[in-house]
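What follows is a set of notes on a single structure, which appears directly below.
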Amino acid sequence: MGIKGLMKFLQDAAPKAIREIDSQQAYTGRLMAIDASMCLYQFMIMIRENRSGSYQNLTNAEGQETSHIVGMLSRTIRLMENGIKPVYVFDGKPPELKLGELAARRQKREQAEANLQAAVEAGNAEEVLKSTKMTTRVTKEHNEQTKTLLGLMGVPVVDAPSEAEATCAALCRDGKVYAAATEDADCLTFGTKVLVRNLMAAESQKKQILEVSLERALEQLNISMDQFIDFCILSGCDYCDTLKGVGPSTAIKLLMQHGTIEKVIEEL
DNA sequence: ACTCTATCGCGAGACGAG
DNA sequence: TCTCGTCC
DNA sequence: ACCTCGCGATAGAG
C-alpha cells in the first residue's frame, strides 16, 4: 500500500508498540519470514565489481550474473549461524490494482535508461553508476536460481500468490513463523502480528533492531484491525487514488470521528 | 508561525585485512 | 573503529 | 508481459 510514513506515525502515536532488541541472538530458534524479492534487488544493485569506476555485477565463466547468489548465500549463512530459521517468500503476480503504480515505475526506469545512455557517451562514471543502479532489474531467472540455492541449503521457500509482503504477514498471522523481518510497514496492514526491522542491518550498519507488535499498536491507537486497514487506505496506498489533502494525521482523526471508511466517505 | 501533505531524488551487502 | 578491496 | 521498497529535503496548501 505504500503508506508513506507509517513507521514514523507509529513511533509518534503508538510508541509502546515498538520494542528495541539487543541483537539477532534474540531470535535464535525462531522462524522468520523474509521477502526474497526485496533482498535480490539489494544484492543486484550493491554487489558489484568495485565502487569506483566499474559497475558490472559479479559473473560466472559464462557471463551470467552471480551477485544475487553471493549475497543470498552469505546473508542466509549469517542468519543460520545465529540459529535463525529464515523462510523466504517470493513475489507472485502483481495485483491488478497496482498496475497503475507499476506503469509509473516503468516510466522512471525508461528515463533512467536514457540517462544511462547519455552518461556513457559523456564518460561520466558517477552518473553511469547511478543510472545503472536505477535500471537494475530482477529477472525470473534470478528468482529461480535463488530458489535452487535455498533448496540445496535446506531453507524453506514459499511462492506467494501475489505480493510477498502479504504472504509474509499471513504466515505470521497463522502462526507458521514468529515474525516478518522486513522494512515494509505495509506488512502490518496485511496483518502480521510481529514485524522486525533492521534485522540484517543491525550489525553491519549499526542500526537498532526494532520489533513492532500489531496488537499493541491497535491497543494504543484504540482502534480495531478493520479500522486500522481503513486508516491505511485513507492515508494513501498504491491500490487507489489518494484523497487529496488526507495523510495519516487526518485519516486517524476522520476515523475516530466516523468509525468506518464508508461513513467517512459519506461525509465528504 | 505551524502542521500536514505531496513530490522528487537518492539509496539499498557482507567480510576480512590493514 | 574506520576505510578499502574482494566476492565471480 | 521484466514483479522490491523507504527516507529526507523541500515546497506548498490550509
Side-chain angles (χ1 to χ4, degrees), chain A residues 1-9 12 34-54 56-79 81 88-96 98-99 101-106 108-113 115 126-127 129-144 159-166 168 182-187 197-198 200-207 234-236 238 241-253:
Chain A
M1 317 214 173
I3 294 90
K4 196 184 57 181
L6 185 52
M7 267 310 291
K8 201 161 196 182
F9 174 80
D12 292 341
I34 300 173
D35 180 343
S37 308
M38 175 124 308
C39 299
L40 292 184
Y41 260 94
Q42 295 173 223
F43 296 145
M44 293 305 295
I45 287 168
M46 283 306 292
I47 305 182
R48 293 181 183 279
E49 183 63 25
N50 88 51
R51 286 170 181 68
S52 52
S54 171
Q56 296 287 344
N57 282 103
L58 307 184
T59 58
N60 64 14
E62 280 131 49
Q64 297 172 308
E65 292 169 319
T66 54
S67 295
H68 55 306
I69 303 291
V70 173
M72 186 59 84
L73 182 64
S74 67
R75 175 176 283 188
T76 304
I77 286 173
R78 190 158 63 98
L79 288 171
E81 280 173 348
Y88 285 101
V89 181
F90 286 79
D91 266 322
K93 292 175 191 166
E96 296 277 325
K98 213 175 175 181
L99 291 181
E101 173 71 15
L102 293 179
R105 288 183 193 173
R106 186 173 314 164
K108 277 196 174 173
R109 208 158 37 210
E110 280 167 14
Q111 177 66 40
E113 275 162 18
N115 286 352
E126 201 175 322
E127 274 299 312
L129 183 58
K130 200 200 291 179
S131 302
T132 298
K133 289 184 175 186
M134 284 200 245
T135 57
T136 296
R137 293 176 219 217
V138 174
T139 67
K140 184 113 188 159
E141 267 159 2
H142 293 141
N143 279 287
E144 292 307 319
D159 277 313
S162 187
E163 288 198 284
E165 293 296 349
C168 287
T182 177
E183 315 311 312
D184 188 349
D186 293 350
C187 219
R197 302 193 90 210
N198 302 331
M200 321 291 177
E203 278 178 30
S204 53
Q205 295 171 31
K206 288 193 299 187
K207 284 189 184 171
L234 281 172
S235 301
D238 292 348
D241 292 333
T242 58
L243 290 173
K244 200 148 194 174
V246 176
S249 302
T250 312
I252 198 75
K253 274 183 212 150

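Convention: sequence-line order gives letters A, B, ...; per-chain numbering from 1.
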_d(CD, A/E144; C1', D/dC2) in whole Å_ = 14 Å
_Steps toward side chain to side chain contact (heavy atoms under 4.5 Å, CB included) verdict (A/E165, A/T182)_ = CA-CA 8 Å; A/E165 293 296 349; A/T182 177; 3.0 Å; yes
_Pairing stems for DNA chain C [at least three consecutive pairs; Watson-Crick or G-U; under 3.5 angstrom]_ = B:13-18 with C:2-7
*Does B/dT3 have OP1 or OP2 sitting under 4.0 Å from an N or O in the side chain of A/S249?*
no
*If pairs are Watson-Crick or G-U with both distances under 3.5 Å, what is the dot-bracket string of DNA chain D, marking crossing pairs with [ ] and pairs to another strand with |?*
...|||||||||||
*Taking only side-chain nitrogens and oxygens of A/S204, does any of them come within less than 4.0 Å of OP1 or OP2 of B/dG13?*
no
_Validation row: A/M200, A/R78 side chains within 4.5 angstrom (heavy atoms)_ = yes
*Syn or anti: how is B/dA1 classified when any glycosidic angle within 90° of 0 counts as syn?*
anti
_Looking at A/Q42, I'd like to know whether one of its side-chain N or O atoms comes within less than 4.0 Å of OP1 or OP2 on B/dG11._
no
*Roughly how far apart, to the nearest Å, are B/dA12 and C/dT3 at atom P?*
14 Å
*asked:* With a 4.0 Å cutoff (strictly under), does any side-chain N or O of A/R137 reach OP1 or OP2 of D/dT4?
replied: no
*Any salt bridge between A/K130 and A/E127, counting N to O under 4.0 Å?*
yes
_With a cut-off of less than 4.0 Å, is there a side-chain N or O of A/R106 near OP1 or OP2 of D/dC3?_
yes
*Take atom CG of A/N198 and atom P of B/dA12, then tell me their distance rounded to the nearest Å.*
15 Å
*Interatomic distance at P, C/dT6 relative to B/dC10, whole Å*: 28 Å
*asked:* Once rounded to the nearest 0.5 Å, what's the spacing between atom CE of A/M72 and atom CZ of A/R75?
replied: 7.5 Å
*Take atom P in D/dG6 and the same atom in B/dG13, then report the distance between them in whole Å.*
15 Å
_Between A/N198 (side chain only) and A/A202 (backbone N and O only), is there a donor and an acceptor less than 3.5 Å apart?_
no
*Does the side chain of A/K133 get closer than 4.0 angstrom to OP1 or OP2 of B/dG9 through an N or O atom?*
no
*Least distance between heavy atoms, A/T135 atom then A/E113 atom*: CG2-CG, 3.4 Å
*Between atom CD of A/E163 and atom CG of A/D184, what is the distance when rounded to the nearest 0.5 Å?*
8.0 Å
Set out, line by line, the N/O atom pairs under 3.5 Å between protein and nucleotides 2-4 of chain C.
from  : atom 1 : to     : atom 2 : distance (Å)
C/dC2 : OP2    : A/K206 : NZ     : 3.1

_Main-chain N/O of A/E65 paired to A/T59 side chain as donor or acceptor, under 3.5 Å_ = no
*Would you say B/dG13 has OP1 or OP2 under 4.0 Å from some side-chain N or O of A/R75?*
no
*Taking only side-chain nitrogens and oxygens of A/R109, does any of them come within less than 4.0 Å of OP1 or OP2 of D/dC3?*
yes
*Between A/I45 and A/K8, name the one whose nearest nucleotide on DNA chain D is closer to the 5' end.*
A/I45
*Could you tell me which non-hydrogen atom of A/Y88 sits nearest to which non-hydrogen atom of A/C39, and how far apart they are?*
CE2-SG, 4.5 Å
*asked:* Whether the side chain of A/S67 engages the backbone of A/N57 through a donor-acceptor N/O pair (distance < 3.5 Å, no angle test) should be reported.
replied: no
*Do any side-chain nitrogens or oxygens of A/R197 fall under 4.0 Å of OP1 or OP2 in D/dG6?*
no
*For the pair made of CE in A/M46 and P in C/dT6, what is the distance, rounded to whole Å?*
16 Å
*Between C/dC7 and B/dG9, how far apart are the C1' atoms? Round to whole Å, please.*
30 Å
*asked:* In this structure, how many angstroms lie between the P atom of B/dG9 and the NZ atom of A/K108, rounded?
replied: 7 Å
